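All figures in this text were calculated on a predicted structure; none of them were measured in a lab. Residue numbers begin at 1 in each chain, while the letters A, B, ... track the order of the sequences. Values reported hereafter were calculated over all heavy atoms of this structure, with side chains retained and with hydrogens, waters and symmetry mates removed.
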Amino acid sequence: MKKILTLVLTLSSLFFSHSLFAQINVVVSVTGTVLKANDRNPASVNITFYDSNNKRVGSSRSNAKDGYYLVTGLKPGETYKVKIEHPDFFQEEVTVSTPRTSKYSELSRDFLVKPLISGIRLPLPVTPFELNKSKLRVGSEEFLAETVEALLMNPSVKVQISSYPDEMESKEANIKLTRERCETLKAFFVAKGVSADRISIVPSENADPINPPPMKKAAKGKRYIGSTYIVVTKI
Amino acid sequence: MVKSLRAFISAVPLFFLVVMPTLAQQRTYSIETVGKHDDEVLGVFVNEADTRFATCSVDETIKIWSLPDGKELRTLKGHLGQVNNLSFSGNDKMLASGSSDRTVRIWDVESGKQINVLKGHTAEVIGVYFSQDDTSGYLASTSFDRTVKLWDVKNGVEVKTLRGHSLQTNNVAYSYDGKFLASCSDDRTIKIWSTDPNSREPIMSLEGHNASVLTVLFSMDSKNLFSADQEGIIKVWSMPSGELVRTIVAHSDLIQDVSIASDNKTLVSGSLDKSVKMWDISTGENIMKMDIGTEVWSVDLVSDASTIVIGCADGSVRLLKQTNTTIKKGGK
């Protein structure tokens, strides 16, 4: 009986240690492209992965030609903090989770980085306003979170919120709408911890010269909404 | 003389056989603005009994009005974004609305109270349609998240999600026999789905539009499906075969809404070309055209088409009431 028990225990430990060994040796890589948020051109930045113990586990520098990067040696089923750093860009931090797998796996993740250049216009990832409205649309907090993080991680940067009107109304109506939008967005950032004196606002009575409204009305739910930008004013 | 008279008399039936079919019944309507929303009116829906209609707007509200007088009865508030579409239940007791706040809401028509909020879509809800049986146990919705969702109305839960469109879905409609659902999309197709709860794949995909298909609607006898697109084209499809029966170059701008009368052949369309038009679907002939002066987002009509309700981009809600019917030479 003892011999059988010993045999079972030995076999079990061999099995689990083999699995563990297999698990230990499984490597996940993260690869992708780094592009500039303003013009989608490739950017060369340092990308560093930190594990849950804040230990640096991997790093790479994205290629200036095509923005390509590869970080390998990561473990499956883990969540990593990724720091994106370069003196010419906003310092940013994102979270990347690797899949649970028992064999080599590559995960794709692209990054948009915000250049630290005075005067540069950074569009928000998704317009936070509905047509003719100045309150934040439902769900906008989620995609504004990235902008909030970037502002909090770069406390010396001052920005301007620049807003353009929807389909052209009177100048008074346009200024009213865009001013309210700027103020709504500023209030949101301040509520999330960004100092108010870092944010100025610039409403506009005229159409966005870079992305002007179309000549014809679009279908329901797809109408043109004036752009809102974050403009870097001081680094 | 007698011979001539005989020849004339014998030709009279021939006249009616040959000439009369080319003459179409033209209808004329008067127009009246009955009220306004604070912003563009995106949806209109007349109830089954032709006693009420509802409108929805960019101003995030829904209004209920009486027919035939067009008196505003109440305003429903609760959505957190523009309200894109509406549907009365088959028994006229409930109203469903879809909004850019990503929710579908169910309202009690008489009290105006919100009964349920259906959450699940991950983008703007553009189309809603109750199943048209008496209990209206199910509701379908479409969204810019590319899906069609079916909801159990009584329990307020999602029953299934239909995935098949490759781009944003724009509208959905139940057939009146309860067997099919049709959805339309920016991918330029219309997909026909079974209402069987276990079925998740489209039965067929109707192709032929050359632009985003913005709306679909079954005829009341479920024998035809109507669709309209971004280029102002209306198509008529035979159901359940899916065969294209007719293409009508209807408007010079997009058509966001169409509606069918109970005769199953009188179709009305509203367009951003600022006009409302009526068609005899059996011949494809235009039997009414009215310039509204502002973009028309939504149309619906009472069963006999004697009254048309339209929702306009200037926020106005207007009634078109039939004044007379004349026989004029038809065709293009």
S.K.: Would you give me the side-chain donor-acceptor pairs under 3.5 Å for residues 116-128 of chain B, sequence neighbours excluded?
M.R.:
from     : atom 1 : to       : atom 2 : distance (Å)
B:His121 : ND1    : B:Asp145 : OD1    : 3.4
B:His121 : ND1    : B:Asp145 : OD2    : 2.9
B:His121 : ND1    : B:Thr147 : OG1    : 3.4
B:His121 : NE2    : B:Ser141 : OG     : 2.7
B:Glu124 : OE2    : A:Arg137 : NH2    : 2.9

S.K.: Between B:Gln230 and chain A, with a heavy-atom cut-off of 4.5 Å, which part of the residue counts as in contact: side chain, backbone, both or neither?
M.R.: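 Looking at B:Gln230, just its side chain touches chain A.
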S.K.: Sequence neighbours excluded, which residues qualify as salt bridge (charged side-chain N to carboxylate O under 4.0 Å, His left out) partners of B:Asp38?
M.R.: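 Once residues adjacent in sequence are excluded, B:Asp38 has no partner under the salt bridge (charged side-chain N to carboxylate O under 4.0 Å, His left out) criterion.
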S.K.: Can A:Lys135 be said to sit on top of A:Phe129's aromatic six-ring, NZ or CZ under 6.0 Å from centre and within 45° of the ring axis?
M.R.: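 Because its charged atom misses either the 6.0 Å distance or the 45° angle limit, A:Lys135 does not stack over A:Phe129.
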S.K.: Who are the ring pair (Phe, Tyr, Trp, His ring centres under 6.0 Å) partners of B:Trp193, not counting sequence neighbours?
M.R.: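 None.
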S.K.: Using a distance-only test with no angle check, is there a side-chain donor-acceptor pair under 3.5 angstrom linking A:Thr72 and A:Ser29?
M.R.: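 There is such a pair (donor and acceptor under 3.5 Å, judged by atom type) between the side chains of A:Thr72 and A:Ser29.
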S.K.: Check each atom of B:Leu42 against the heavy atoms of chain A and say whether the ones under 4.5 Å are side chain, backbone, both or neither.
M.R.: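 It is both, since atoms from each part get that close.
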S.K.: With no hydrogens and no angle check, just 3.5 Å: does a side-chain donor-acceptor pair link B:Asp291 and B:Ser275?
M.R.: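 Looking only at side-chain atoms, B:Ser275 and B:Asp291 do not form any donor-acceptor pair under 3.5 Å.
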S.K.: Is any residue of residues 198-216 of chain A within less than 4.5 Å of chain B by heavy atoms, and which ones?
M.R.: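 Residues in range: A:Lys216.
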S.K.: Would you say the side-chain atoms of B:Glu72 and B:Thr75 include a donor-acceptor pair closer than 3.5 Å?
M.R.: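 Present: a donor and an acceptor within the cut-off.
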S.K.: So what's closer than 4.5 Å to chain A heavy atoms on B:Leu214: side chain, backbone, both or neither?
M.R.: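 When you check distances to chain A, only side chain atoms of B:Leu214 fall under 4.5 Å.
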